[in-house]
Amino acid sequence: MSQVIARADADTLPEVTTERGERAVFCGLTSIIWLHRRIQDAFFLVVGSRTCAHLLQSAAGVMIFAEPRFATAILGERDLAGMADCHEELDRVVSELLARRPDIRRLFLVGSCPSEVIKLDLANAAARLQGVHENRLRISAFSGSGIETTFTQGEDQCLASMVPDLPAAPEGAQRLMVVGTLADIIEEQFRRHFAQLGIVDVDFFPAARADDLPPVGPGTRVLLAQPYLSDTVTALCKRGAKLVSAPYPLGIEGTLAWFQAAAAEWGHSAETVHEALAIPMARAQKSLAKVRESLQGRTIHFLPDSQLELPLARFLRDECGMSLTEVATPFLDQTLMSEELRRLGRDVSLVEGSDLDSALARVRNHRPDLTVCGMGIANPLEAEGLRTKWSIELVFTPIQGFDQVADLAGLFARPLARERQLEVGSWS
Amino acid sequence: MELTLWTYEGPPHVGAIRIAASMRDVHLVLHAPQGDTYADLLFTMIEREGRRPPVTWTTFQARDLGSSTAEMVIETLKGACDRYQPQVLLVAESCTGELIQDQPGALAKGAGLSAPIIPIEMAAYTRKENWGASETFYQLVRGLLAAKAPKPGEEQPLRPADQPPSVNLIGPTKLGFRCRDDVIEIRRLLESMGVRVNVVAPLDATPHDLLRIPEADANVNLAPEVGELTCDWLKRQFKQPTISSVPLGWGATRDFIAEVIDTLGLDIDPDAVGESRLPWYSRSVDSTYLTGKRVFIFADGTHALAAARMARDEMGFEVVGLGTYSRERARDVRALATEYGLEALITDDYLAVERAVTELQPELVLGTQMERHIAKRLGIPCAVISTPAHVQDYPARYSPQMGFEGTNVIFDTWVHPLIMGLEEHLLTMFRDDFEFNDGAVPSHLGGEGGGGAQQPDNVTPMISPEPGAVAWAVSAEKELRKIPFFVRGKARRNTEHFAQEQGLSVIDVETLYEAKAHFSR
C-alpha cells in the first residue's frame, strides 16, 4: 500500500512515498544498548515481558558486557490479573536493584509494549519512587515500546524525559548544546573544533555522567548530532532553546555545514569556519580518497531502519560517488531533515514507512551493489547474492566528524572489498 | 514481577517460530508489534540461516490499537497465504498481541483462507520458549494426524515383512544445540543397525512428512524439551512406543542402542554397533589429571542430566553443582542431584547461578552461553553444552553431541579449556616463575580464553561480599598467592569458612594449612 503524500517545494525537494505494511525494525528499547554505555552511572529498568529481556540480550550480542546497567522487570500473570499491585511490585524490584547497585545516579523506568497496553503509568511511578529515594538518585520514565518507537527513537524518548530536569540557563548568555549520543572520542574532537572557532560554551547532551545536566534557556542553541530526536527538540524548544537548522555531521560537507550553521549563531562567516577547519578537512579528503575508489559508481539501497538513512545517502552520493536506488526511512521529520532534503534534491526515490515484502521485492528488482538493512534481513539477502551492511553498526560506531569520514566510508567499502577478495562461494 | 538481567529462554512465541523455521512449507502469522521482529536475527545471525524465518508479523502500532488491529490480522493472514501458499498456516500472538485480545486464531478460521489453519495459544506471561516450541509442534502434529488415529478396537496396520524396521526422530529444531549434526549422527547409527529413519521432525520436515509419522515402528524422543509431548500423544493415539534414552554420552549411547534393539525386536549384537574413543582416552594415563576435577553443570534438562553422568562416570570428574533452567525437567534433575549427594539448582535466575558458581569455585563450568559469561568473569574454564548458545556454538565443522562421535567431540570440548596434566604440576612447583605463572594462560590456548587470563580473587563478583568476613594476615595472603590461581579461589573460600567455623578473626599461614588439611580429600 503506498501513496505520494508530500510535494512541498516541488521543484527542489524529493517526492516522499509513504508505505504502510509489515515493518522489520527493532523497538526503542534497543537504544538502551548504546545509552547505557554513554551515561555511565545510569541504569535502565525495562518494565515489560520476557520478550523485552530477550530482545536486549539478542539484539546486539550485548552479553559481552560483564556488568550490564540494564535489566527487565518481567510482568507475570499475577501482575496482569491484578493479583499483585504493579506499583508495589515495582517498588520492591527497584529497592532490590538499588541495593545491588549503590553506584547508580540515575534510574530510567522504561516502558514497553505490554506496559503501554495495560496503561501502567511509569511517569507516576517514577515520581513516587523519586520521593522514596530523594537524595540518592534521579528517577524518571520514558517509553521504548515497539508500538510507539523504532530503535533510535528510544534515545529520543530518553533524552526528552530528561529535559524537565535540566537547570535553567542564566538570562542572556548564549550557549551551544550538541544533542544526541556521540562517542567520547568525537565529543573531544568536536570540542577542539568549537574551541578553534572561539565557541567554548558548549554542552553535550547526554553527557557521560547523569548529573552533568546542561542548562537550557532562551540563550541555548540546539545543534543536533543525531537526526532522530524530534521529541527532544520539541521539549528543548518549549524551554526557550532555539534549533539550529543544519545537515548532520556525516561526511566532510555535512560536518563543515554543521559547524558553519553553529558558528553563524556566534556571528562567524562560512569562510571563517572553512579556514579554521582547513587542516582536519584536508586530512579527511586525503583519507577518504583511498576508500572512495571502492564506492565510486556503485549503487546503494537503504531499507528503513535507523533514521540515519538520509544523511548517509547524501554523503555516499555526493562525496563517494555512489548512486541511490532507493532511500527508505521508518519516519521522516521534515523539519529536522530540511537541510538534508534540500541537499538530496528531486532525483531521489524516498520512502517513509515500510511494507517489508514489497520493499524486498524492489531490492531484488534493483539488485543494488549494497543494501543497508536490519540484522534480521542481512544474511537472507547475502544468500541471494546481494551485499549488505547492517544499519545498527552505524549507531555503534564513531562515524561523525572529519577524522571519521574514511571510517564511515570504510563501513560501506568493506563488504564490497570482501566480495572482490573472496574466491569461495558464489555472490553471483 | 521478576527482575531479570539475562534470560535462559525466550518467550513462547519464539518457540513457535523455531518450529516454523525448522520446517518447510509451513508459515506462521504472528500478531505482534514491530519490535518483536528482532526474532528474525536469532535465526539469520546466530544460526546463519540463509532465509528469513517463514513468519509474517502484523506489526501493529499504537495508532492501530482499539480500531483496526483485527482487520490487520485478517489482511496479514490473507497476504501471507497468497504470497507463500503454505501447506499449513500457523497463527499465534506474542505477549503484546495476547493483551489486546483480538483472538487471531478465531479470526483466521472465519477468514476463508485457502490454507489449513492451526491456531496456537501461547500463554506468554506464564510460559517460555521451549514450552512454546513443544506446544506448537504438538498442535501441528495433532492437527494433521488426529483424524488418522485408529478408532478404538481398530488395529494400526502392520509393517510389511519386506520393509526394514523404522523410527521417527522427534524434536530436533533450529536453534537447538547441535541438532543439525546430531540428526546426521543418529541417522548413521540407526542405519548401521538396519533401522530406517522414517521422518525427522520438525527439522527439515514438511506437513506432508508429518502425515507419514504413523508409518514408523517407534518414535525416538531425541530432544525431550520439544518432542516429549508429541511422543506421548503418538504413543496414546497410534500405539507407537517411545525410545526415550537420549544418546548423549558413551553409556547413554549404549543404552539407546539397547533400547532400539529391544523396542524393535532386532537380532543384533549391541557391542558390535559402534565404538567411541572416549573410553580409551579417558583411561589413558594422561587423563589421570582429570580425576576429581570439580565440575559445575547448568543447562537445559536433557543436557544437564547427560553431562552429569558423563562427567562422573566417563570423565572421572567430581560433580559439585548440578542444575537446570527447564522447570519441566526439575523432577529428573533433582533426583539425579540427590543421587550425587547434591541439591539441584532449579532456577532461571542468572544471578542465582552466578552466586552458586562463585560459592563453589569449581575447576570447570559446563553450561550455556550465560555460564560461559559467569565463568569468564570468575576466571574459570568453561565449555558450552546447551542452549542458549551464541554464534560460535553453531560451528562450521561437523560437531555432533550425540552418538559415539558425539562423545568424542564432548571429550575434546571439555578437556580443551583445562590446563594439561604436567603443566598443572609445574605451575604448582615453580609458582614464581616470571613467565610461567598466574598471568599465563594454558600454553595450548595462546593469548585468549583460558583460566589464567583473569585472576579469580581479583574479580569483584556482582554480589557484594558477605559481611563479617575474616581478615587475612599479610604473610598468609602472600602464601595464598603461591597457590596456583586455578585453585586459589577455592582455597581462599575454604580457609575463610574454616576460620569462621573456628571463630578466628585473622587468618595466618598456620590457619591456611590447617584449612588445607581440614578440606583435603
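So that the names make sense, note that chain A is the first sequence line, chain B the second, and so on, each numbered from 1.
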Engineer: In terms of side-chain geometry, is the basic nitrogen of B:Arg127 or A:Glu77 positioned less than 4.0 Å from the acidic oxygen of its partner?
Structural biologist: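 Looking at B:Arg127 and A:Glu77, the cut-off is not met.
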
Engineer: What pair of heavy atoms forms the shortest contact from B:Arg63 to A:Arg20, and how long is it?
Structural biologist: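 Minimum heavy-atom separation between B:Arg63 and A:Arg20: NH2-NE, 3.2 Å.
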
Engineer: Measure B:Leu42 against the heavy atoms of chain A and call it side chain, backbone, both or neither at under 4.5 Å.
Structural biologist: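 Just the side chain, heavy atoms under 4.5 Å.
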
Engineer: Is chain B contacted by the side chain of A:Ser112, its backbone, both, or neither, given a heavy-atom distance below 4.5 Å?
Structural biologist: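 Neither the backbone nor the side chain of A:Ser112 comes within 4.5 Å of chain B.
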
Engineer: If you look at every heavy atom in A:Gln57 and B:Trp6, which pair is closest and at what distance?
Structural biologist: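 A:Gln57 and B:Trp6 have their closest heavy atoms at OE1-CA, 3.2 Å.
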
Engineer: Can you name the side chain to side chain donor-acceptor pair (under 3.5 Å) partners of B:Asp102, sequence neighbours left out?
Structural biologist: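 Residues passing side chain to side chain donor-acceptor pair (under 3.5 Å) with B:Asp102: B:His31, B:Thr69.
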
Engineer: Heavy-atom distances under 4.5 Å only: say whether B:Thr7 touches chain A with side chain, backbone, both or neither.
Structural biologist: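 The answer is both parts of B:Thr7.
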
Engineer: Can you tell which part of A:Leu45 gets under 4.5 Å to a heavy atom of chain B, answering side chain, backbone, both or neither?
Structural biologist: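 Contact with chain B: side chain only.
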
Engineer: How about B:His13 and A:Thr51: do any of their side-chain heavy atoms sit closer than 4.5 Å?
Structural biologist: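 Yes, at least one pair of side-chain atoms sits under 4.5 Å.
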
Engineer: Using non-hydrogen atoms only, which part of B:Val391 is less than 4.5 Å away from chain A: side chain, backbone, both, or neither?
Structural biologist: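 The answer is neither part of B:Val391.
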
Engineer: Under 4.5 Å between any side-chain heavy atoms of A:Pro114 and B:Leu99, yes or no?
Structural biologist: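 In short, these two side chains touch, coming nearer than 4.5 Å.
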
Engineer: By a 4.5 Å heavy-atom criterion (distance strictly below it), what part of B:Tyr84 contacts chain A: side chain, backbone, both, or neither?
Structural biologist: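 Looking at B:Tyr84, just its side chain touches chain A.
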
Engineer: Where on A:Val117 is there a heavy atom nearer than 4.5 Å to chain B: the side chain, the backbone, both, or neither?
Structural biologist: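 Only the side chain of A:Val117 comes within 4.5 Å of chain B.
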
Engineer: Decide yes or no on side-chain contact (heavy atoms from CB on, under 4.5 Å) for A:Val25 and B:Thr59, but give the supporting numbers first.
Structural biologist: CA-CA 10 Å; A:Val25 282; B:Thr59 60; over 6 Å; no

Engineer: Would you mind checking which part of A:Leu75 comes under 4.5 Å of any heavy atom in chain B, side chain (CB onward), backbone (N, CA, C, O), both or neither?
Structural biologist: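 Both backbone and side chain of A:Leu75 come within 4.5 Å of chain B.
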
Engineer: Do any side-chain atoms of residues 89-97 of chain A form donor-acceptor pairs under 3.5 angstrom with protein atoms, and if so which ones, sequence neighbours left out?
Structural biologist:
residue, atom, partner, partner atom, Å
A:Glu89, OE1, A:Arg92, NH2, 2.9
A:Glu89, OE1, B:Met1, N, 2.9
A:Asp91, OD1, A:Arg128, NH2, 2.6
A:Arg92, NH1, A:Glu96, OE1, 3.4
A:Arg92, NH2, B:Met1, O, 2.8
A:Ser95, OG, A:Asp91, O, 2.9

Engineer: Name the region of A:Arg78, side chain, backbone, both or neither, that has any atom closer than 4.5 Å to a heavy atom of chain B.
Structural biologist: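 No part of it gets close to chain B.
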
Engineer: Main chain of A:Gly376, side chain of B:Thr44: is a donor-acceptor contact present, judged purely on distance under 3.5 Å?
Structural biologist: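 Checking the backbone N and O of A:Gly376 against the side chain of B:Thr44, a donor-acceptor pair under 3.5 Å is found.
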
Engineer: Under the rule for side-chain contact (heavy atoms from CB on, under 4.5 Å), what residues qualify as partners of A:Pro304, not counting sequence neighbours?
Structural biologist: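 A:Ala328, A:Pro330, A:Ser354.
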
Engineer: What part of A:Cys86 gets closer than 4.5 Å to chain B, counting heavy atoms only: side chain, backbone, both or neither?
Structural biologist: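 For A:Cys86, the contact with chain B is made by backbone and side chain together.
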
Engineer: Does any heavy atom of chain A fall under 4.5 Å from the side chain of B:Thr56, the backbone, both, or neither of them?
Structural biologist: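 Answer is both: backbone and side chain atoms of B:Thr56 are under 4.5 Å from chain A.
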
Engineer: So if I take each residue of residues 45-55 of chain B and look for any heavy atom under 4.5 Å from a heavy atom in chain A, which residues do I end up with?
Structural biologist: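 Within residues 45-55 of chain B, the residues that come under 4.5 Å of chain A (heavy atoms only) are B:Met45, B:Arg48, B:Glu49, B:Gly50, B:Arg51, B:Arg52, B:Val55.
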
